[in-house]
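Inspection log for the structure reproduced underneath, given as structure tokens.
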There are 2 protein chains.
Amino acid sequence: MARRAESIELAVLGLLHEGPMHGYELRKRLNLMLGWGRVLSYGSLYPTLKKMLKGALIEELAPSLTPVSRRPKIVYQVTPAGTTEFERLMADIGPAAWEDDNFGIRFAFFGRTDMEIRLRVLEGRRSRLQERLDRVQSQLSMTEKEVDRYSAELQRHGVESAEREVQWLSDLINAERSRAGSTPPPATQN
Amino acid sequence: MARRAESIELAVLGLLHEGPMHGYELRKRLNLMLGWGRVLSYGSLYPTLKKMLKGALIEELAPSLTPVSRRPKIVYQVTPAGTTEFERLMADIGPAAWEDDNFGIRFAFFGRTDMEIRLRVLEGRRSRLQERLDRVQSQLSMTEKEVDRYSAELQRHGVESAEREVQWLSDLINAERSRAGSTPPPATQN
DNA sequence: TCGCGGATATATCGCTACGATACGTCGCAT
DNA sequence: ATGCGACGTATCGTAGCGATATATCCGCGA
């Protein structure tokens, strides 16, 4: 249940880790990192924040030093419980971790996990994409009637993008590996 | 209202134009063309089909020539009204036409519109992407604190993908334009 | 020849999360 | 002095998604 919501929680925790913020700013940052496709709506963010408050993962920061600012600007910060939860979520790899939305968020916070986790997430993501690619390729090949020019171009472009993404992941994986290796073997292909 | 639903309608009409189909097959084809991100669920498809039946955009094809097939396989085909609607939707350019989901579908059916429409949709899509790109760039530059290594890499990759997409669109636009030109330059590669 | 698993096929329902919208404050441009 | 756009919090209706139920067909091994 609520797979998207889970990833929002992770993102909020991660962002608050670099300093207290209020909802509006959180949303902007979130949209920048989720960025490319969909945006996060207030209808999702505020309820999530409420839920996290109730769960004591975050708390409201002491308000206005600036004396009487009429309308409350609610600034949130993580609690120790929130930190624990963040670490738990980051370490919790598994199919959900490399789904489209989740992957981006986890990746953005890679700096706060260890290499073992990073590698597993990157590899999981890569095989997820590879698997999609294979499925499309096979479906394409078993299509009897030849396709329309434009449809074909769309397919081609999609496949190309996915392949590029796979390459990107491979490069990242190699980079991680070589950073770890005591004896980095020079000729490791792919 | 119901922007996604509208695009499903368009896709269904377009697909049925290349021959009668039943829901299951429709879904497969749809997922192949929407393909890259989300899949279309039955919970969306069947209600849409019902709605289109009621609107007389499609109709059930005469059933079993094969005598007593117990469970009905419902095969749909477009009505003349459906064809009209398809043409109307394809010609209806405007912001909605170059949103992520819609664009792909329209593109896939470019073979059934004229060049003027194609160009406008391609250009609309390109400026949509360009605009996103600019927004990210400016937000990036106005960020005071320098970002984490991984976050930066994620941004970089996102920007690169978007730029590649813009390039793709530009190439397509040029191709359309040169096809229009009275003097077709002989060296058309690809 | 039976039966089992998997692909094909239609259908519905609960619930989530998104779009729309409302409301309020601040600053600055005209 | 007022209008406009950015900042900021909040809620609500409902579209549509995931899960699930149900049923048929077919290939394959035992």
Side-chain angles (χ1 to χ4, degrees), chain A residues 1-12 20-32 34 37-54 58 60-61 63-64 66-76 95-96 99-102 135 138-139 142, chain B residues 1-12 20-32 34 37-54 58 60-61 63-64 66-76 95-96 99-102 135 138-139 142:
Chain A
M1 61 200 78
R3 259 213 351 290
R4 183 84 200 273
E6 224 176 80
S7 86
I8 293 176
E9 261 186 52
L10 177 60
V12 168
M21 264 180 251
H22 44 236
Y24 191 83
E25 199 178 348
L26 228 25
R27 190 182 102 118
K28 272 198 312 185
R29 297 289 312 268
L30 248 14
N31 285 342
L32 193 54
L34 270 315
R38 293 289 131 230
V39 297
L40 178 68
S41 92
Y42 292 122
S44 306
L45 177 59
Y46 283 112
T48 300
L49 287 175
K50 291 253 172 85
K51 220 185 63 178
M52 291 173 75
L53 267 180
K54 246 186 17 190
I58 58 176
E60 292 183 23
L61 191 55
S64 52
T66 334
V68 260
S69 70
R70 213 98 56 165
R71 195 149 204 262
K73 286 193 191 185
I74 306 173
V75 177
Y76 298 97
E99 273 321 302
D100 294 324
D101 284 341
N102 278 14
R135 209 137 71 65
S138 77
Q139 269 171 313
M142 96 172 83
Chain B
M1 60 199 78
R3 261 218 344 297
R4 184 84 200 273
E6 225 176 80
S7 87
I8 295 177
E9 263 186 51
L10 178 59
V12 167
M21 263 180 252
H22 43 233
Y24 190 83
E25 199 178 348
L26 230 23
R27 189 180 103 118
K28 273 197 312 183
R29 299 288 312 268
L30 248 14
N31 285 343
L32 192 54
L34 271 315
R38 292 290 132 229
V39 295
L40 177 68
S41 90
Y42 291 122
S44 307
L45 177 59
Y46 282 112
T48 299
L49 287 175
K50 291 252 173 86
K51 220 185 62 178
M52 292 173 75
L53 267 181
K54 247 185 15 189
I58 57 175
E60 293 183 22
L61 190 56
S64 51
T66 334
V68 262
S69 71
R70 212 97 56 162
R71 196 155 203 255
K73 286 194 187 182
I74 306 174
V75 177
Y76 298 98
E99 274 320 304
D100 293 324
D101 283 343
N102 278 12
R135 209 136 74 64
S138 79
Q139 269 171 312
M142 96 172 83

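Just so it is clear: chains get the letters A, B, ... in the order the sequence lines come, proteins before strands, and each one is counted from 1.
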Quiz item: Between dG8(D) atom P and Y76(A) atom OH, what is the distance in whole Å?
Solution: 13 Å
Exercise. Taking the side chain as every heavy atom from C-beta outward, state whether K28(B) and L32(B) have any pair of such atoms under 4.5 Å apart.
Key: no
Quiz item: Would you say S44(A) reaches dC18(C)'s phosphate, i.e. side-chain N/O to OP1/OP2 under 4.0 Å?
Solution: yes
Quiz prompt | Euclidean distance, K51(A) NZ relative to I8(A) CD1, rounded to 0.5 Å | solution = 9.0 Å
Quiz item: Looking at CD1 of I58(A) and CG of L26(A), how far apart are the two atoms once the value is rounded to the nearest 0.5 Å?
Solution: 8.0 Å
Quiz prompt | Gap between atoms CG and C1', on N31(A) and dG19(C) respectively (whole Å) | solution = 14 Å
Quiz item: Is there a side-chain polar atom (N or O) of Y42(A) under 4.0 Å from OP1 or OP2 of dA10(D)?
Solution: no
Self-check item: Separation of dA9(C) C1' from I74(B) CD1 (nearest whole Å)
Solution: 9 Å
Exercise. Find the bend of the helix from dT1(C)-dA30(D) to dT30(C)-dA1(D) as the angle between its two terminal axes (five pairs each), to the nearest 10°.
Key: 20°
Quiz item: Which one, dC17(D), dC18(C), dA11(C), comes nearest to the side chain of L40(B)?
Solution: dC17(D)
Quiz item: Where the side chain of K50(A) is defined as all heavy atoms beyond and including C-beta, which of dT10(C), dT11(D), dT12(C) is the nearest nucleotide?
Solution: dT11(D)
Self-check item: Test item: Y76(A) and E60(A) side chains (from C-beta on) under 4.5 Å apart, heavy atoms
Solution: yes
Quiz item: Under the side-chain contact (heavy atoms from CB on, under 4.5 Å) test, which residues partner P47(B), sequence neighbours left out?
Solution: none
Quiz prompt | Whole angstrom value for the distance that separates P of dT8(C) from CD of E25(B) | solution = 10 Å
Quiz item: What nucleic acid atoms does G23(A) come within less than 4.0 Å of, heavy atoms only: base, sugar-phosphate, or nothing?
Solution: sugar-phosphate
Exercise. Rounded to the nearest angstrom, tell me the gap between atom CG in L45(A) and atom P in dT16(C).
Key: 17 Å
Quiz item: For R27(A) and dC18(C), what is the distance between atoms CZ and P respectively, to the nearest whole Å?
Solution: 11 Å
Exercise. Check every atom of dT10(C), dC7(D), dC18(C) against the side chain of Y24(B) and return the nucleotide holding the closest atom.
Key: dT10(C)
Practice problem: Using whole Å, report how far CG of L30(B) lies from P of dC17(D). | Solution: 11 Å
Exercise. Determine: side-chain N/O of K73(B) to OP1/OP2 of dC25(D), distance under 4.0 Å, yes or no.
Key: no
Quiz item: What residues, two or more places apart in sequence or in another chain, satisfy side chain to side chain donor-acceptor pair (under 3.5 Å) together with Y42(B)?
Solution: R27(B)
Quiz item: Is Y46(B) near enough to dT10(C) that one of its side-chain N or O atoms lies under 4.0 angstrom from OP1 or OP2?
Solution: yes
Quiz item: In whole Å, what is the span from the CG atom of L49(B) to the C1' atom of dT10(C)?
Solution: 11 Å
Self-check item: Residue list, side chain to side chain donor-acceptor pair (under 3.5 Å) with Y46(B), at least two apart or on another chain
Solution: none
Exercise. Tell me which of S41(A) and H22(B) sits closer to the 5' end of DNA chain C, going by the nucleotide each one is nearest to.
Key: H22(B)
